[in-house]
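Input: a single structure, listed below in C-alpha cells.
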Number of protein chains: 2
Amino acid sequence: MSQATATKGESLAPERLTVGVAARLSRYLQVLTQAKKQGRDSISSQEIGEYTHVNATQIRRDLSGFGKFGKRGVGYNIDFLILEIRKILRTSGQHNIALVGAGQLGQAIASSNIFGDHGFHISGVFDADPSKRGSAVGELAVQPMDDLTDAIREKNIIVGVLAVPPGSAQSAANALVDAGVKIVFSYSDALIDTPPDVTVHRSNPAEQLLYALYFYLS
Amino acid sequence: MSQATATKGESLAPERLTVGVAARLSRYLQVLTQAKKQGRDSISSQEIGEYTHVNATQIRRDLSGFGKFGKRGVGYNIDFLILEIRKILRTSGQHNIALVGAGQLGQAIASSNIFGDHGFHISGVFDADPSKRGSAVGELAVQPMDDLTDAIREKNIIVGVLAVPPGSAQSAANALVDAGVKIVFSYSDALIDTPPDVTVHRSNPAEQLLYALYFYLS
DNA sequence: TAGATTGTTAATCGATTAACAATC
DNA sequence: TAGATTGTTAATCGATTAACAATC
C-alpha cells in the first residue's frame with residue numbers, strides 16, 4: 001500500500017510508478033493507439049492482453065490503481081483510456097527527437113509513422129556522410145553532424161534515435177550525448193557506453209525471437 | 001524450489017524456464033555476443049547489468065541456477081557463458097527465417113547482422129510487388145509471395161519477419177501463417193490477429209522511449 | 001596479501017492468477 | 001433478464017535487493 005491516501009473522489013495516483021507499471025502502461029497505450037487507428041471504439045482487458053502478452057487481470061489491476069476507467073460488460077473506451085494513460089505517464093505533449101543515420105534504415109524510419117503515432121516528432125535527420133547532405137529523407141533534408149548540437153539545444157531535444165551501422169554506433173552516440181541528449185534508442189545491437197545520466201535502449205528482434213523459440217520448442 | 005533434484009556434479013536445470021528467466025537469458029546472450037565481437041574475454045555481472053538494465057545480483061542468481069559459470073574476482077568467461085546459455089535455451093543451432101518485405105526496411109535488415117549474429121539465417125526474401133521480383137537484397141534475390149509456402153516447408157522455417165507497411169501487415173502475416181510459420185516478428189506496430197498457436201512479437205521503439213521519458217521527467 | 005567478484009542467503013516487494021460480486 | 005466484463009480480493013509465486021562469506 002504505497003499509494004498516496006486519496007480522499008473521496010480524487011485520483012489514486014501513486015507518487016512514482018514502478019518500472020513494471022510504467023512499461024506496461026506504455027505497452028497498453030501502443031495497442032490502444034493502433035486499435036483506434038482501426039476505427040475501434042472500445043476494447044476489453046482480455047483483448048489488450050492478447051496483443052501485449054500481459055494477463056487480463058493484471059491489466060485491470062494496473063488501471064484500477066488510477067481510477068475506474070472501464071464499463072462493466074462493455075470494456076474500456078479507447079479515446080478516454082488513451083488520454084488517461086497519457087496523463088499518468090505525464091507524456092501528453094509532442095516530443096521532438098533527432099534521428100542520426102540517413103541510410104536505408106534511417107529513410108525507412110523517417111517515412112514511417114512508428115514514432116509519429118506515439119507523440120514523437122522527428123525534427124532533424126543527421127548523417128556523417130557529406131555526400132548525403134541536403135538529400136531528402138521523409139519530409140526533411142539531411143543535415144551534417146556539425147549541426148547536431150545547435151539543433152538539439154534549440155528544439156529542446158532529449159531523445160536521439162540511432163540508425164547507423166554497429167561500427168558507428170558509439171561515435172554517433174557520443175555526438176548525441178555531447179549535444180545534451182539523455183535517452184538514446186539504437187537500432188544496432190552494438191554495446192554503447194554512456195555517462196550514468198544517459199539511458200540507452202536497443203532494438204532487440206533476435207532476442208525476442210530467441211526466447212519465443214524456446215517456448216515453441218519446449 | 002521447483003528445480004529438479006540434482007545429484008552431485010550434475011546440472012541443476014529446471015524442467016522448463018519461466019518466461020522471465022528465458023527472456024533475461026536471451027538478453028544476456030545478446031550482450032555477450034556483442035562483447036565477444038569487441039574482442040572481450042570476460043565480463044562481470046555488474047557490467048552485463050549495465051547493458052541489460054537487469055540487477056547484477058539477479059543475473060548471478062539466474063546463472064547459478066544452472067551451474068557455477070563464473071570465477072570469483074574475475075567474472076564470466078564470455079565464450080563459455082555463451083555456450084552454456086545456448087544449451088539452456090536449447091537454441092544452439094542455426095535457424096532459418098523468412099523475411100517478407102523488400103523495401104528500404106527489408107533491405108536494411110537483410111544487409112545487417114542483427115539476425116545473423118544470433119543464429120538466425122535469412123534464407124528467403126519475399127515481396128508482393130512484382131516489380132521487385134529478382135532484384136538483389138543482401139545476398140538474396142527477391143521472390144514472389146507465391147513461393148513462400150514451398151520455401152517455408154522445404155527449409156523447415158518456423159520464424160517469419162515482417163518488414164512491410166502497417167496496411168499490409170495483416171495480409172503478409174496471414175501468408176506466413178498459412179505457410180506454417182509459428183513465430184512472427186513485425187517491424188510495424190499495426191495489430192495482427194493470428195491463430196492461438198502462433199505468437200506475434202512487435203518492434204516497439206516508441207513504447208520504450210515513452211517509458212524511458214517518464215523516468216527522465218520524474 | 002589485497003582487491004575484486006562470484007555464489008548464496010534471507011527478507012521484502014511486486015506480479016500473477018483464480019475467483020467472484022458488482023454492474024453495465 | 002441474460003450475458004459480458006469490470007473492479008477487487010486473497011493467496012501464491014517470482015523478482016528484487018542488501019549483505020556477506022567464499023575464493024579467484
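To find a chain, count down the sequence lines: A is the first, B the second, and so on, and within it residues start at 1. Hydrogens, waters and symmetry mates play no part in the numbers below; they use all other heavy atoms, side chains included.
- Contact between the side-chain N/O atoms of A:Lys71 and the OP1/OP2 oxygens of D:dA4 is not found at any separation under 4.0 Å.
- Rounded to a whole Å, the CG atom of B:Leu25 is 15 Å from the P atom of D:dG14.
- When each of C:dA19, D:dA15, C:dG7 is scored by its nearest atom to the side-chain atoms of B:Arg60, the top-ranked nucleotide is C:dG7.
- A donor-acceptor pair under 3.5 Å is absent between the side-chain atoms of B:Gln46 and the main chain of B:Ala56, judged by distance alone.
- Residue B:Asp62 contributes atom CG, which lies 14 Å from atom C1' of C:dT8 at whole-angstrom precision.
- In summary, the side chains of B:Arg27 and B:Thr52 do not present any donor paired with an acceptor at a separation below 3.5 Å, with no hydrogens or angles considered.
- Across all strands shown, C:dG14 pairs with D:dC13; the Watson-Crick or G-U wobble distances both stay below 3.5 Å.
- B:Gln208 and A:His201 are linked by a side-chain donor-acceptor pair at a separation below 3.5 angstrom, with hydrogens and angles left out of the test.
- When only modelled atom types and interatomic distance are considered, B:Asp193 and A:Tyr51 share a side-chain donor-acceptor pair under 3.5 Å.
- Look at CZ on A:Phe69: it is 18 Å from C1' on C:dC24, rounded to the nearest Å.
- Around atom OH of B:Tyr211, no more than 12 heavy atoms belonging to other residues, nucleotides or ligands sit under 6.0 Å away.
- Annotation for B:Asp41: atom CG does not count as buried by contact number, only 12 or fewer foreign heavy atoms lying within 6.0 Å.
- Residue B:Ser44 places its side chain closer to C:dT6 than to any other of D:dT17, D:dT9, C:dT6.
- Computed from coordinates, the B:Ile59 CD1 to C:dT5 C1' distance equals 13 Å when rounded to whole Å.
- Here D:dG7 is the nucleotide among C:dT17, D:dG7, D:dT16 with the atom lying nearest to any side-chain atom of A:Tyr76.
- Residue A:Arg61 has its side chain nearest to C:dT16 when only C:dT9, C:dG7, C:dT16 are considered.
- Atom CG in A:Asn77 sits roughly 16 Å away from atom P in D:dT5 (whole-Å rounding).
- A close approach under 4.0 Å does occur between a side-chain nitrogen or oxygen of A:Asn55 and OP1 or OP2 of C:dT17.
- Summarising the geometry, the separation between OH on A:Tyr28 and P on D:dT6 is reported as 12 Å, rounded to the nearest angstrom.
- DNA chain C is contacted by both A:Val21 and A:Val74; A:Val21 maps to the nucleotide lying nearer its 5′ end (nearest heavy atom per residue).
- For the pair B:Gln46 CD and C:dG3 P, the computed distance is 18 Å after rounding to whole Å.
- For A:Arg72 and D:dT6, a side-chain-to-base donor-acceptor distance below 3.5 Å is present, hydrogens and geometry of angles not being considered.
- Computed from coordinates, the A:Arg24 CZ to C:dA15 C1' distance equals 7 Å when rounded to whole Å.
- In this structure, D:dA21 and C:dT6 make a Watson-Crick or G-U wobble pair, each of the two defining distances being under 3.5 angstrom.
- Taking only side-chain atoms of A:Thr57, from C-beta outward, the nucleotide of D:dA15, D:dT8, C:dT8 with the closest atom is D:dT8.
- For A:Gln58, whose side chain is taken as the heavy atoms from C-beta onward, the closest listed nucleotide among C:dA15, C:dT8, C:dC24 is C:dA15.
- An OP1 or OP2 oxygen of C:dA22 is reached within less than 4.0 angstrom by no side-chain nitrogen or oxygen of A:Lys68.
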